[in-house]
Novice: 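Here it is, the structure, as structure tokens.
When a ligand or atom number is given, it counts from 1 through the structure's own listing order. The residues of the chain are indexed from 1 along the displayed sequence.
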Amino acid sequence: MSIEEMYQEMKKKLVDIVPDVELRYKAELAYEINRLKREKNAVILGHNYMEPALYYSIPDFVGDSLDLSRKAAQTDKDIIVFCGVRFMAETAKILNPKKTVLLPSEKAGCSLAASITADDVRQLRARFPGVPAVAYVNTYADVKAEVDICCTSSNAVAVVESLGSDTVIFLPDEYLARNVARETGKHIIFPTLDGPKEAAATEIDYQMIGWHGRCEVHEKFTVQDIQAVRQQFPDVVILSHPECSPEVVAASDFSGSTNAMIRYVKETRAPRYLVLTECAMGDNIAAANPDKEMLRLCSVRCPHMNQITLEDTLKSLQTNQYVIDLPEELRLRAYRSVERMIAIG
Ligand code: SF4
């Protein structure tokens, strides 16, 4: 494919989304990235939150965390370039220890993953001995290594139910935990680590033990936002991610993982939609559904996902940076938690 053909391909999808002058420049970058990708036998995985010009030009696979974890586990390429954030690239490395995994920007972290440490998990488990622990996949590898199983927003309920335990530790997202507790009919508490060493008998009566981690994007959406949009557009269908507060989820018409929201818009026919999640995903859905009207609340962007650009992805392939490495002993423990999650589907 020539640069002109790349530009025409991107234009088909993005004509109403990205200004033409930017599209021409980005098509040149995408052309070079795809050429290098073939030359180096690399695969590019792109999260649903990538900006539209990147999302529609260079990834071999796009999707949510669970999808991309599965793709990472199946690839036969030598290099995996992860256009997402660090914990996602770490998960790819956990599943592919022999492959080179690259993250295009060192700054692509995550407020939620940074909200808990491996030591926090060890202390919590010491307070609640024998209670199985689940970590959301949005955690770093050392935290995954301390729990029994991981989950994503698409399989969190199934993972909790698979444990067959009355009491479950669920980390670190407070809102996802509250939403899962509601769906599974469990009570939830958020204990502090500076309390008594052993859990009080009354705490053990509770069925879900959470942590006060938050996604800095999803915590910003409010019920007032929803009311204001509904007042202006009474026929809007509102979709929210389960990392939003339970009040926002309850006020929405549908809540699900990024993939579930993409599917929902594709398979339904409403006058207009509003997706309460990272703004770029609204653009990506709009590009895939030109016949549907998407509203956006784009004051809320993920500063970490936005670190991943076409420029940095090109540099990543050119200079082999930034390589994700994990100590083997830690990787093996984290692998067990991720594998168990993937087996549940
Ligand atoms: S959107 Fe939220 S959970 Fe996802 S990377 Fe950004 S801060 Fe982390």
Side-chain angles (χ1 to χ4, degrees), residues 45-52 54-55 59 62-69 72 82-92 101 103-117 134-144 150-156 170-180 210-222 225 239-246 248-249 252 255-262 274-285 296-309 312-313 322 324 341:
L45 307 178
H47 189 262
N48 289 328
Y49 291 163
M50 290 295 104
E51 58 121 342
L54 186 157
Y55 184 86
V62 290
D64 61 15
S65 301
L66 180 59
D67 251 354
L68 296 178
S69 304
F82 215 117
C83 290
V85 292
R86 184 177 185 91
F87 71 78
M88 296 177 180
E90 281 190 354
T91 306
V101 177
L103 181 66
S105 167
E106 268 190 319
K107 294 187 195 138
C110 169
S111 67
L112 185 53
S115 73
I116 192 161
T117 64
V134 182
Y136 191 26
V137 78
N138 299 26
T139 46
Y140 291 118
D142 57 345
V143 166
K144 290 184 173 80
C150 290
C151 74
T152 69
S153 56
S154 45
N155 64 14
F170 189 101
L171 310 165
D173 189 318
E174 172 187 339
Y175 287 157
L176 181 63
R178 287 189 193 276
N179 286 319
V180 171
W211 187 256
H212 282 301
R214 300 256 185 100
C215 160
E216 68 188 281
V217 174
H218 293 99
E219 73 169 345
K220 292 211 180 81
F221 296 115
T222 64
D225 291 334
L239 291 75
S240 62
H241 192 276
E243 286 167 23
C244 294
S245 74
V248 164
V249 167
S252 308
S255 177
S257 67
T258 53
N259 266 14
M261 291 194 279
I262 290 170
L274 172 66
V275 181
L276 297 180
T277 190
E278 216 285 330
C279 175
M281 200 177 97
D283 285 340
N284 293 334
I285 298 180
R296 332 258 214 288
L297 287 183
C298 280
S299 52
V300 185
R301 311 237 36 196
C302 173
H304 312 287
M305 290 284 182
N306 284 335
Q307 292 294 333
I308 306 294
T309 60
D312 282 343
T313 308
Y322 294 90
I324 302 289
M341 167 188 82

Novice: Look at atom 3 (S) of ligand 1 and say which protein heavy atom is nearest, naming residue and atom and giving the distance to 0.1 Å.
Specialist: N138 ND2, 3.4 Å

Novice: For R214, give me all partners under side chain to side chain contact (heavy atoms under 4.5 Å, CB included), at least two apart in sequence or on another chain.
Specialist: E174, Y175, E219

Novice: Does a donor on one side chain and an acceptor on the other come within less than 3.5 Å for H241 and E278?
Specialist: no

Novice: Rounded at 0.5 Å granularity, tell me how far CZ in R178 sits from SG in C244.
Specialist: 14.5 Å

Novice: Nearest 0.5 Å, what's the CD1-CG distance between I116 and N138?
Specialist: 12.5 Å

Novice: How about atom 6 (Fe) of ligand 1, which protein N, O or S atoms come within less than 2.8 Å?
Specialist: C302 SG

Novice: So if I count the atoms of ligand 1 from 1 in the order they appear, which ones are less than 4.0 Å from some heavy atom of E243?
Specialist: 3 (S)

Novice: Roughly how far, to the nearest 0.5 Å, is the OH atom of Y322 from the CG atom of D312?
Specialist: 7.0 Å

Novice: Going by the rule side-chain hydrogen bond (donor to acceptor under 3.5 Å, both in side chains), which residues pair with N48 if we only count those two or more places apart in sequence or in a different chain?
Specialist: Y55, T258, N259

Novice: Going by side chain to side chain contact (heavy atoms under 4.5 Å, CB included), name the residues that satisfy it together with A260, two or more places apart in sequence or in a different chain.
Specialist: F254, S257, R263

